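So the structure is just underneath, and the comments pick up after that.
Quick caveat, the model's predicted, so the values are computed rather than measured. Order of the sequence lines fixes the chain letters, A, B, ..., with proteins taken first and strands second; residue numbering starts at 1 for each chain.
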Protein chains: 2
Amino acid sequence: MFKPLDPLLHSQLRLAVMSLLISVEEAEFTFLKEKTESTAGNLSVQLDKLEKAGYIEIEKSFRGKRPLTTCKITKKGIEAFEAYVDNLKNYIQ
Amino acid sequence: MFKPLDPLLHSQLRLAVMSLLISVEEAEFTFLKEKTESTAGNLSVQLDKLEKAGYIEIEKSFRGKRPLTTCKITKKGIEAFEAYVDNLKNYIQ
DNA sequence: TAAATAGGTTTACAGTATAAACCAATTTAT
DNA sequence: ATAAATTGGTTTATACTGTAAACCTATTTA
């Protein structure tokens with residue numbers, strides 16, 4: 001009936017990030033920050049967690065002379081997101 | 001885009017409880033405990049929070065000689081649940 | 001009369017989320 | 001030149017949350 005909800009995804013900010021990444025495939029830190037209206041600190045921490053779980057990949061580079069952090073959802077991340085949504089439906093329908 | 005999710009409802013156990021109460025209108029503690037597969041302690045704490053938020057009403061009585069705790073969702077609770085679900089859809093669609 | 005069960009509540013602790021403080025480099029203003 | 005502001009983040013301190021374990025009172029069963 002109520003299957004457990006992946007705690008990594010059951011978090012407002014991380015869920016928003018995954019939701020964005022699933023549609024755009026790849027996104028910059030600042031893009032995620034704007035869209036989620038989060039602080040940089042909070043976002044940084046939550047991206048770390050998603051990366052450690054293998055749900056996203058984070059690439060650090062430079063654009064011109066400035067640091068640039070790019071995030072991309074992984075196959076594992078997509079599957080986890082889809083499973084989460086499926087489970088969640090039992091709770092809200 | 002990503003509206004804030006009511007933190008009181010964005011919790012696996014409390015959401016499950018609200019989901020049950022919205023369909024049955026009234027339920028006993030032990031019923032909720034079985035359906036949610038939670039421990040009594042955890043359930044007790046979370047029911048308290050839902051009550052303090054005005055989302056449910058808790059009535060304590062006796063069945064025979066044993067204590068009986070009955071929970072009922074309030075109008076405010078129903079509205080909060082519906083708003084939560086609406087907001088959540090932005091995240092998972 | 002001791003042990004198990006029912007029906008919970010309280011509480012201690014670990015985990016989580018968040019903002020504030022910080023950092024290094026770059027750009028802009030003086 | 002150099003001070004101040006901005007960019008693009010990370011680290012860290014703290015408050016908040018979730019949970020199980022311990023506990024409690026009464027009842028039933030052995």
D:dG18 OP1/OP2 closer than 4.0 Å to side-chain N/O of B:Ser11: yes
Under 4.0 angstrom between A:Lys49 side-chain N/O and C:dA17 OP1 or OP2: yes
Sugar-phosphate, base or nothing in reach of B:Gln46, heavy atoms under 4.0 Å: base
Main-chain N/O of A:Phe29 paired to A:Thr69 side chain as donor or acceptor, under 3.5 Å: no
Write down the protein N/O and nucleotide N/O pairs, taken from nucleotides 3-8 of chain D, whose separation is under 3.5 Å; answer none if there are no such pairs.
residue, atom, partner, partner atom, Å
D:dG8, O3', A:Pro67, O, 3.3

A:Lys60 side-chain proximity, nearest of D:dT27, D:dT19, D:dG9: D:dG9
Any pair counted as side chain to side chain donor-acceptor pair (under 3.5 Å), so long as it reaches residues 27-44 of chain A, sequence neighbours left out: A:Glu28-A:Arg63, A:Thr36-A:Ser38, A:Asn42-A:Gln46
Earlier contact from the 5' end, DNA chain C, for A:Ala40 and A:Pro7: A:Pro7
Length of the line joining A:Leu47:CG and D:dT11:P, which is rounded to integer Å: 13 Å
Contact under 4.0 Å: A:Ser44 side-chain N or O vs D:dG9 OP1/OP2: no
A:Lys65, nearest nucleotide to its side chain (from D:dT19, C:dT27, C:dT10): C:dT27
Candidate list B:Leu43, B:Ile73, B:Ile22, test side-chain contact (heavy atoms from CB on, under 4.5 Å), partner B:Val17, passing option: B:Leu43
